[in-house]
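Not measured: the values here are computed from a predicted model.
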Amino acid sequence: MESFASTGRTTLKRLPQRGSYDRALVYQILDEGFVCHVGFVVDGQPFVIPTAYGRIEDKLYIHGSAASRTLRSVGGGIPVCVTVTLVDGLVLARSAFHHSINYRSVVILGAATMVEAAEEKMTALRAFTEHVVPGRWDDVREPTEQELRGTSVLALPLVEVSAKVRVGPPKDDDVDMSIPVWAGELPLRITAGSPVDDPRLLAGLGPPAYVTRYSRRAQTTNGSK
């Protein structure tokens, strides 16, 4: 299916023209982001936890510590709301009211479950690593059994999902167009700086191409990441 089904919980009420259920767009946003925020309620107390994630087809894997009480609670199958947001630019209008931000965001609703099988957990850890730096997993030591036991991995199916996007210039009122102040968009991008060697790096080793040519915008989205 090219789009996620709209549900009563994912249908946008405010500015619905910015909403999208396009699967390719959702994948693109998830694959470009670094951090998701996991919202849930335990014993009447709301929590929102930032954490790493990775996507494999239509499943989001969420990373955490095995010692985390909150993540263990989420892993029990309680309802969660996961969000990922990319900021693309600052929108400067002629009036304070119409200042805005250009962004792309995804909201996922559902119930996460704890990943217990060692093989699936290892696959998820690979997805976490490749999500941040594609190509890195094959160069490094894989996690030990002890490290696997110390890591929590949650799986969240991508079923109730929506994206929301704002692009373009400010939307000033016609009456304000004659105000003599600059208006427009200030684009913002995540760009990589020059690699810095670990002081204990073995002699003769330089950064690999996936480090020197690193770019979040260059991430590919093929639906099977």
Side-chain angles (χ1 to χ4, degrees), residues 4-16 18-21 25-88 90 99-118 120-129 131-132 143 145-166 188 190 216:
F4 291 99
S6 173
T7 70
R9 301 198 300 173
T10 61
T11 299
L12 299 178
K13 304 298 193 298
R14 184 176 182 275
L15 300 175
R18 295 184 184 175
S20 174
Y21 305 94
L25 175 62
V26 168
Y27 289 163
Q28 182 185 62
I29 296 170
L30 293 178
D31 294 349
E32 189 176 333
F34 276 114
V35 175
C36 70
H37 287 80
V38 185
F40 55 98
V41 176
V42 176
D43 297 330
Q45 171 62 54
F47 295 89
V48 178
I49 305 298
T51 188
Y53 68 92
R55 179 182 67 85
I56 300 177
E57 298 181 343
D58 268 351
K59 186 175 291 185
L60 199 75
Y61 287 97
I62 302 169
H63 180 276
S65 167
S68 170
R69 176 183 65 86
T70 52
L71 284 185
R72 288 201 305 272
S73 299
V74 172
I78 64 175
V80 298
C81 176
V82 176
T83 62
V84 173
T85 303
L86 306 174
V87 175
D88 293 323
L90 306 180
H99 278 64
S100 189
I101 293 176
N102 281 342
Y103 65 90
R104 290 165 289 151
S105 66
V106 167
V107 174
I108 306 166
L109 301 173
T113 57
M114 192 74 71
V115 174
E116 303 290 354
E120 184 179 4
K121 184 180 285 191
M122 186 70 81
T123 299
L125 293 179
R126 178 188 179 104
F128 295 146
T129 303
H131 175 73
V132 177
E145 289 187 13
Q146 181 177 357
E147 289 170 338
L148 281 176
R149 289 194 298 270
T151 304
S152 288
V153 175
L154 305 179
L156 177 63
L158 299 180
V159 178
E160 287 193 89
V161 186
S162 64
K164 195 172 183 180
V165 178
R166 190 212 187 274
L188 299 177
I190 294 178
R216 292 309 289 172

Donor-acceptor pairs under 3.5 angstrom involving side-chain atoms of residues 155-163: please list them, not counting sequence neighbours.
| unit_1 | atom_1 | unit_2 | atom_2 | d |
| --- | --- | --- | --- | --- |
| E160 | OE1 | T7 | OG1 | 2.6 |
| E160 | OE1 | R9 | NE | 3.3 |
| E160 | OE2 | R9 | NE | 3.3 |
| E160 | OE2 | R9 | NH2 | 2.5 |

Apply the test side chain to side chain contact (heavy atoms under 4.5 Å, CB included) to residues M122 and R126: give CA-CA distance (whole Å), side-chain angles for both, the deciding distance (0.1 Å), then the verdict.
CA-CA 6 Å; M122 186 70 81; R126 178 188 179 104; 6.0 Å; no
Taking ring-ring contact (aromatic ring centres under 6.0 Å, His included) as the test, write out the residues that go with Y103, two or more places apart.
none
Please enumerate all residues that pass side-chain contact (heavy atoms from CB on, under 4.5 Å) together with H37, with sequence neighbours excluded.
V35, V48, P50, T83
Where the side chain of Y27 meets the backbone of R55, is there a donor-acceptor pair that is under 3.5 Å apart?
no
Who pairs with R104 by salt bridge (charged side-chain N to carboxylate O under 4.0 Å, His left out), at least two apart in sequence or on another chain?
E32, D88
Under 3.5 Å: donor-acceptor pair, side chain of H63, backbone of T151
no
V165/L25 under side chain to side chain contact (heavy atoms under 4.5 Å, CB included): CA gap, chis, key distance, verdict:
CA-CA 10 Å; V165 178; L25 175 62; 4.1 Å; yes
Please examine the side chains of I49 and F40, heavy atoms only from C-beta on, and report whether any two atoms are closer than 4.5 Å.
yes
Atom CD1 of I101 with >12 non-hydrogen neighbours under 6.0 angstrom:
no
Checking Y21 now: which residues fulfil ring-ring contact (aromatic ring centres under 6.0 Å, His included) with it, not counting sequence neighbours?
none
Is there a side-chain contact between F4 and T10 (heavy atoms, below 4.5 Å)?
no
On a heavy-atom basis, the closest approach of L30 and H131 is O-CE1, 3.0 Å
Between the NZ atom in K121 and the CZ atom in R149, the distance rounded to the nearest 0.5 Å is 9.5 Å
What is the minimum heavy-atom distance between M114 and L154, and which atoms define it?
SD-CD2, 3.4 Å
Does any non-hydrogen side-chain atom of C81 lie less than 4.5 Å from one of V107?
yes
List the steps and the verdict of side chain to side chain contact (heavy atoms under 4.5 Å, CB included) for I29 and S105.
CA-CA 7 Å; I29 296 170; S105 66; 5.9 Å; no
Kindly compute the distance separating NZ (K59) from OG1 (T113), expressed to the nearest 0.5 Å.
7.0 Å
With rounding to the nearest 0.5 Å, note down the distance linking CG in L125 to CG in L148.
6.0 Å
What closest approach, in Å, do P46 and V41 show between heavy atoms, and which atom pair accounts for it?
CA-CG2, 4.2 Å
Partner residues of R18 under the salt bridge (charged side-chain N to carboxylate O under 4.0 Å, His left out) criterion, sequence neighbours left out:
none
Hey, is CD on Q146 packed in by over 12 heavy atoms from elsewhere, all under 6.0 Å?
no
Side chain to side chain contact (heavy atoms under 4.5 Å, CB included) for F128 and V153? Distances and angles first, verdict last.
CA-CA 10 Å; F128 295 146; V153 175; 4.0 Å; yes
Evaluate the side-chain proximity of V82 to Y53: yes if any heavy-atom separation is below 4.5 Å, no if none is.
no
